[in-house]
Amino acid sequence: GAGVSQTPSNKVTEKGKYVELRCDPISGHTALYWYRQSLGQGPEFLIYFQGTGAADDSGLPNDRFFAVRPEGSVSTLKIQRTERGDSAVYLCASTDPGQGIDEQFFGPGTRLTVL
Amino acid sequence: QQQVKQSPQSLIVQKGGISIINCAYENTAFDYFPWYQQFPGKGPALLIAIRPDVSEKKEGRFTISFNKSAKQFSLHIMDSQPGDSATYFCAASRRRGAQKLVFGQGTRLTINP
């Protein structure tokens with residue numbers, strides 16, 4: 001596609017529920033990142049995929065958060081037993097370091113609200 | 001070691017004026033310093049970026065000034081326009097390895113017509 005796409009654009013859920021957020025990176029981009037942006041703050045790194053594997057998951061806040069990228073393209077961020085503190089905009093970004101590209105291209109984000 | 005500090009939090013500039021936003025970093029291993037622009041409801045978009053082998057980079061009305069010894073870098077927007085009103089984030093990363101971006105807290109810029 002022309003850019004990074006994320007679905008859904010908005011997700012409202014109740015405390016304790018399970019949610020999945022999807023990211024479609026730019027075609028051919030091998031590197032994929034998830035960030036979380038709380039209101040009025042800069043994005044914070046969650047996890048990085050190079051191909052299918054999670055090369056760095058040091059930003060995941062706890063074991064309720066998990067992400068996969070089974071075929072090296074689309075990625076899904078999964079949050080179990082959601083808490084009100086998980087409310088934020090979840091951003092996905094992709095890039096292709098193999099082409100010498102430093103820029104990370106961001107999607108529009110998924111706004112998650114946990115009631 | 002991972003922090004990037006950004007100031008000011010908000011900035012109001014008259015149309016045609018110069019907008020200046022400053023950032024400071026701690027981790028000397030950082031070697032890539034981008035500035036992102038974000039409009040409400042949108043994801044961040046790269047505005048301009050610099051590597052530490054140069055002290056200044058200019059693209060149109062946007063200039064990054066970089067001071068390696070002070071571990072500081074700044075964004076200058078010349079001839080600021082109302083369409084520049086947005087939130088600006090500085091960031092830093094290492095170009096090798098995970099390349100995960102560490103963002104500043106953001107500056108909400110308002111350009112008055």
Side-chain angles (χ1 to χ4, degrees), chain A residues 2-10 21 23-26 29-51 53-60 67 88-111, chain B residues 1-10 21-25 27 29-54 57 59 64 75 86-109:
Chain A
V4 178
S5 62
Q6 293 186 244
T7 54
S9 55
N10 283 282
L21 312 179
C23 171
D24 280 88
I26 293 173
H29 279 191
T30 58
L32 185 146
Y33 301 79
W34 284 98
Y35 293 85
R36 179 167 71 174
Q37 186 173 24
S38 300
L39 190 63
Q41 300 295 316
E44 293 181 310
F45 169 78
L46 294 177
I47 187 169
Y48 156 66
F49 287 89
Q50 180 57 45
D56 185 338
D57 64 357
S58 60
L60 295 178
V89 175
Y90 289 81
L91 295 164
C92 176
S94 72
T95 189
D96 192 4
Q99 297 298 317
I101 299 173
D102 293 322
E103 177 181 357
Q104 292 184 22
F105 297 83
F106 281 82
T110 294
R111 181 176 298 277
Chain B
Q1 275 286 315
Q2 294 296 316
Q3 221 175 4
V4 175
K5 295 183 179 180
Q6 183 173 346
S7 63
Q9 279 189 314
S10 63
I21 305 171
N22 301 297
C23 280
Y25 63 97
N27 189 341
F30 289 148
D31 56 4
Y32 175 66
F33 302 90
W35 284 90
Y36 278 83
Q37 180 187 57
Q38 187 176 32
F39 293 103
K42 305 292 186 182
L46 181 68
L47 195 61
I48 186 173
I50 197 168
R51 298 176 187 176
D53 52 344
V54 296
K57 183 175 181 181
E59 291 183 359
I64 298 179
L75 175 69
T87 300
Y88 292 80
F89 294 96
C90 62
S93 75
R94 299 180 65 176
R95 295 185 63 237
R96 294 184 179 179
Q99 300 179 318
K100 52 191 177 185
L101 291 167
V102 179
F103 283 86
Q105 299 90 329
T107 296
R108 178 172 288 185
L109 175 64

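Only a predicted model underlies this, so the values are computations on that prediction, with no experimental measurement involved. Note: hydrogens, waters and symmetry copies are ignored here, and every other heavy atom, side chains too, is used.
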Item to check | Structural part of B/R51 lying under 4.5 Å from a heavy atom of chain A | outcome: side chain
Next on the checklist: Please check: side-chain N/O of A/Y35 versus main-chain N/O of B/L101, any donor-acceptor pairing under 3.5 Å?
Outcome noted: yes
Next on the checklist: Atom CD of residue position B/Q105 - does it have more than 12 heavy atoms of other residues, nucleotides or ligands inside 6.0 Å?
Outcome noted: yes
Item to check | Region of A/S9 in contact with chain B, defined by heavy-atom distances below 4.5 Å | outcome: neither
Checklist entry - Roughly how far, to the nearest 0.5 Å, is CG of A/D102 from CZ of B/R95? => result 4.0 Å
Next on the checklist: Can you give me the closest heavy-atom contact between B/Y36 and A/Q104, atom names plus distance?
Outcome noted: OH-O, 2.9 Å
Checklist outcome for this item: Among A/Q6, A/E44, A/E103, the residue with the most heavy-atom pairs under 4.5 Å to chain B is A/E103
Checklist entry - Are B/F103 and A/F45 near enough that their ring centres are under 6.0 Å apart? => result no
Checklist entry - Is a side-chain donor-acceptor pair under 3.5 Å present for A/Q37 with B/Q38? => result yes
Checklist entry - Any residues in residues 41-48 of chain B near chain A, with a heavy-atom distance under 4.5 Å, and which are they? => result B/G41, B/K42, B/G43, B/P44, B/L46
Checklist entry - Does a side-chain heavy-atom distance below 4.5 Å link A/P97 with B/Q99? => result yes
